[in-house]
Amino acid sequence: MNSYRIALNFEDGVTRFVDCGAHEKVLDAAFRNRINLPMDCSDGVCGTCKCKAESGTYDLGDDYIDDALTEDEAGQGLVLTCQMVPQSDCVIAVPVPSTACKTGTGQFSATVSAVQPLGDAAYELVLDVADAAPAFLPGQYVNISVPGSSLHRSYSFSSAPGDGRMTFLIKQVPGGLMSSWLQGASQGEPLQMTGPLGSFYLRVVTRPLLLLAGGTGLAPFLSMLEVLARDGATQPIHMVYGVTRDADLVLVERLQAYALQIPGFSFSTCVADPQTGHERQGYVTHHLPAQALHGGNVDVYLCGPPPMVDAVQLHFKAEGIVPAHFHYEKFTPTQPVAAVAEALA
């Protein structure tokens, strides 16, 4: 292989992808792509270029000093980008904003392939990309400029990286800016986007997963599940998908398909409406099976509206639930909040 794909995820949620040669150092590959990662000496002495490798394999060599990177730090996945030579695709967390590295979000265009109404709950927007499909991490989102306005809306990819088409699950909001445009959108209409963005994305799977989706917060999990299916995931994975009304339960057939494709995947659904005829009434916090928590040896991913995210956090605190890692993203129908990721252990 001549090169590896390196995802540089900055602390402001911006992600930039660079190709790094098989014998090239990450810092050099970034500079070649006009991304000024933090550095001072570039010789493994100062430690200014220290970042966190969240996935992938690499060689750090032995030309750096302990003051720049201790053995304990290296054992925790910290790296010096001036010394790091990838041996696979990697994801690197850069502890500064993208603006500090004189870079920013990528821009690309796409055209509408289809707009599929899902009852009165949501739309599935399917887009064709003009050139190559943009690279992103499963779980991330883009800002889509709404035609005829100067505004944008943020939506998580529901398709997987590398797919020929991009899909998005968009909540129907009566009178909403994007919803109103989607009602009259025609095949072939152009859209402008910026991204990818967000620190809510699937990390390397080393333990069981618990996925908690609220409403159209299902979207990033569809992207993650497609990747997990392709990668042949073997860890136990359980999802709880909660909505407000019966009509808001959409694309359940896709979850059923993943339950057949991924040996360890199971899911349940619940509806908050007290008048529901659904077998599980209530909120996601009412339907968390104890076995899915694996005594805390679990990585939790949560995406939904702010009240749901807050309720889950309060529930975990009240019950003394401390997962190995807890990654979450809050959103509202008109102004999504940038993803947040927390490591609790």
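The figures here come from the full heavy-atom set of this structure, side chains too, leaving out hydrogens, waters and symmetry mates. Along the sequence shown, residues carry numbers from 1.
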### Message
Does any part of the side chain of Phe265, heavy atoms only, come nearer than 4.5 Å to the side chain of Leu228, both counted from C-beta?
### Response
no

### Message
Quick one, Thr269 and Val243 - any side-chain contact, counting heavy atoms below 4.5 Å?
### Response
no

### Message
With no hydrogens and no angle check, just 3.5 Å: does a side-chain donor-acceptor pair link Asp299 and His325?
### Response
yes

### Task
Could you tell me which residues satisfy side chain to side chain contact (heavy atoms under 4.5 Å, CB included) with Asp40, sequence neighbours excluded, listed by chain and number?
Cys46, Thr48

### Query
Within the distance-only criterion (no hydrogens, no angle test), does the side chain of Gln281 pair as donor or acceptor with the backbone N or O of Ala272 below 3.5 angstrom?
yes

### Message
Run the side-chain hydrogen bond (donor to acceptor under 3.5 Å, both in side chains) test against Asp19 and tell me which residues pass, sequence neighbours left out.
### Response
Arg5

### Message
Which heavy atom of Cys82 sits nearest to which heavy atom of Gly44, and what is that distance?
### Response
SG-N, 3.4 Å

### Message
Going by side-chain hydrogen bond (donor to acceptor under 3.5 Å, both in side chains), name the residues that satisfy it together with Ser266, two or more places apart in sequence or in a different chain.
### Response
His238

Only pairs under 3.5 Å count here: list side-chain donor-acceptor contacts from residues 112-125, not counting sequence neighbours, and write none if there are none.
from	atom 1	to	atom 2	distance (Å)
Ser113	OG	Arg165	NH1	3.3
Ser113	OG	Arg165	NH2	3.2
Asp120	OD1	Arg245	NH2	2.9
Asp120	OD2	Arg245	NH1	3.3
Glu124	OE1	Arg254	NH2	2.8
Glu124	OE2	Arg254	NH1	2.7
Glu124	OE2	Arg254	NH2	3.0

## Note on the structure
Tracing side-chain contacts under 4.5 Å among Ile, Leu, Val, Met, Phe, Trp and Tyr outward from Tyr201 reaches Phe17, Val91, Leu137

### Main-chain N/O of His294 paired to Asn297 side chain as donor or acceptor, under 3.5 Å
no

Check residues 208-227 and write down every donor-acceptor pair under 3.5 Å in which the side-chain atom is one partner and the other belongs to a residue at least two apart or another chain.
from	atom 1	to	atom 2	distance (Å)
Ser223	OG	Ser159	O	2.7
Glu226	OE1	Tyr258	OH	2.7
Glu226	OE2	Arg230	NE	3.1

### Task
Walk me through it: do Tyr241 and Val250 pass the test side chain to side chain contact (heavy atoms under 4.5 Å, CB included)?
CA-CA 10 Å; Tyr241 171 28; Val250 299; 3.6 Å; yes

### Query
If you measure from CG on Asp62 to CD on Gln83, what distance do you get to the nearest 0.5 Å?
9.0 Å

### Task
Mind listing the closest non-hydrogen atom pair of Val309 and Gly304 along with its distance?
CG2-O, 3.6 Å

### Message
Would you say that Leu191 contacts Pro147 through its side chain, given a criterion of any heavy-atom pair below 4.5 Å between the two side chains?
### Response
yes

### Message
Applying side-chain hydrogen bond (donor to acceptor under 3.5 Å, both in side chains) as the test, list every pair that has at least one member in residues 90-101; sequence neighbours left out.
### Response
Asp12-Ser98

### Query
In terms of the angle between their ring planes, are Phe326 and Tyr328 parallel, tilted or perpendicular, with boundaries placed at 30° and 60°?
tilted

### Query
Do Val129 and Leu127 belong to the same hydrophobic cluster, where Ile, Leu, Val, Met, Phe, Trp and Tyr are linked whenever their side-chain heavy atoms lie under 4.5 Å apart, directly or via other members?
yes

### Task
Please test Arg203 against His327 for side chain to side chain contact (heavy atoms under 4.5 Å, CB included), starting from the C-alpha separation and ending with a verdict.
CA-CA 10 Å; Arg203 272 66 174 178; His327 308 287; 3.8 Å; yes

### Summary
Residues passing the salt bridge (charged side-chain N to carboxylate O under 4.0 Å, His left out) test with Glu73, sequence neighbours excluded, are Lys50

#### Entry: Same apolar cluster (I L V M F W Y, side chains within < 4.5 Å links), Val85/Leu80
no

### Query
If you round to the nearest 0.5 Å, how far is CG of Asn143 from NE2 of His152?
3.5 Å

### Minimum side-chain heavy-atom gap Met84-Cys90 below 4.5 Å
yes

#### Entry: Thr15: partners by side-chain hydrogen bond (donor to acceptor under 3.5 Å, both in side chains), with sequence neighbours left out
Asn9, Gln140

### Query
Yes or no on ring pair (Phe, Tyr, Trp, His ring centres under 6.0 Å) for Phe157 and Phe168, after CA distance, side-chain angles and deciding distance?
CA-CA 5 Å; Phe157 292 95; Phe168 301 90; 5.2 Å; yes

#### Entry: Nearest atoms (heavy-atom pairs only) where Glu189 meets Gly184
OE2-O, 3.8 Å

### Summary
Correct closest heavy-atom pair for Val94 and Pro38 would be CG1-CD, 4.2 Å

### Leu197 vs Val14 side-chain heavy atoms within contact, under 4.5 Å
yes

### Query
From Ser3 OG over to Glu24 CD, what is the distance, rounded to the nearest 0.5 angstrom?
9.0 Å

### Message
According to side-chain hydrogen bond (donor to acceptor under 3.5 Å, both in side chains), who are the partners of Asp63, at least two apart in sequence or on a separate chain?
### Response
none

### Task
Mind running side chain to side chain contact (heavy atoms under 4.5 Å, CB included) on Arg16 and Cys101 for me, showing each step along the way?
CA-CA 11 Å; Arg16 291 295 306 274; Cys101 299; over 6 Å; no

### Side-chain heavy-atom pair Phe10, Ile35 within 4.5 angstrom cut-off
yes

### Query
For residues Asp246 and Thr276, is any side-chain donor paired with an opposing acceptor at under 3.5 Å?
yes

### Query
CD1/Ile321 to CG/Leu293 distance, rounded to the nearest 0.5 angstrom?
5.0 Å

#### Entry: Cluster overlap Leu151 with Met178, hydrophobic side-chain contacts below 4.5 Å
yes

### Query
How far does OH of Tyr58 sit from CD1 of Ile6, to the nearest 0.5 angstrom?
11.5 Å

### Task
Please report the shortest heavy-atom distance between Ala233 and Ile237, naming the atom on each side.
CB-CD1, 4.2 Å

#### Entry: Val45: partners by side chain to side chain contact (heavy atoms under 4.5 Å, CB included), with sequence neighbours left out
Cys41, Asp43, Ile65

### Summary
Here the salt bridge (Lys or Arg N to Asp or Glu O under 4.0 Å) pairs for residues 272-293, sequence neighbours left out, are none

### Task
Report yes if the side chains of Leu69 and Leu60 come closer than 4.5 Å at any heavy-atom pair, otherwise no.
yes

### Same apolar cluster: Leu249 and Tyr283, side chain cutoff 4.5 Å
no

### Query
Which distance, rounded to the nearest 0.5 Å, do you find between the OG1 of Thr167 and the OH of Tyr155?
14.0 Å

### Query
Under 3.5 Å, is there a donor-acceptor pair between the side chain of Thr70 and the main chain of Asp66?
no

### Message
Within a 6.0 Å radius of atom CD on Glu71, are there more than 12 heavy atoms belonging to other residues, nucleotides or ligands?
### Response
no

### Task
Please answer: with hydrophobic residues joined when any side-chain heavy atoms are less than 4.5 Å apart, are Val142 and Val126 in the same cluster?
no

### Task
Kindly determine whether Ser42 and Lys25 satisfy side chain to side chain contact (heavy atoms under 4.5 Å, CB included), including the steps that lead there.
CA-CA 10 Å; Ser42 77; Lys25 294 173 180 177; over 6 Å; no

### Query
For the residue pair Asn36 and Phe31, what are the closest heavy atoms and their distance?
CA-CE2, 3.5 Å

#### Entry: Check: Met193 and Pro134 side chains under 4.5 Å, non-hydrogen atoms
no

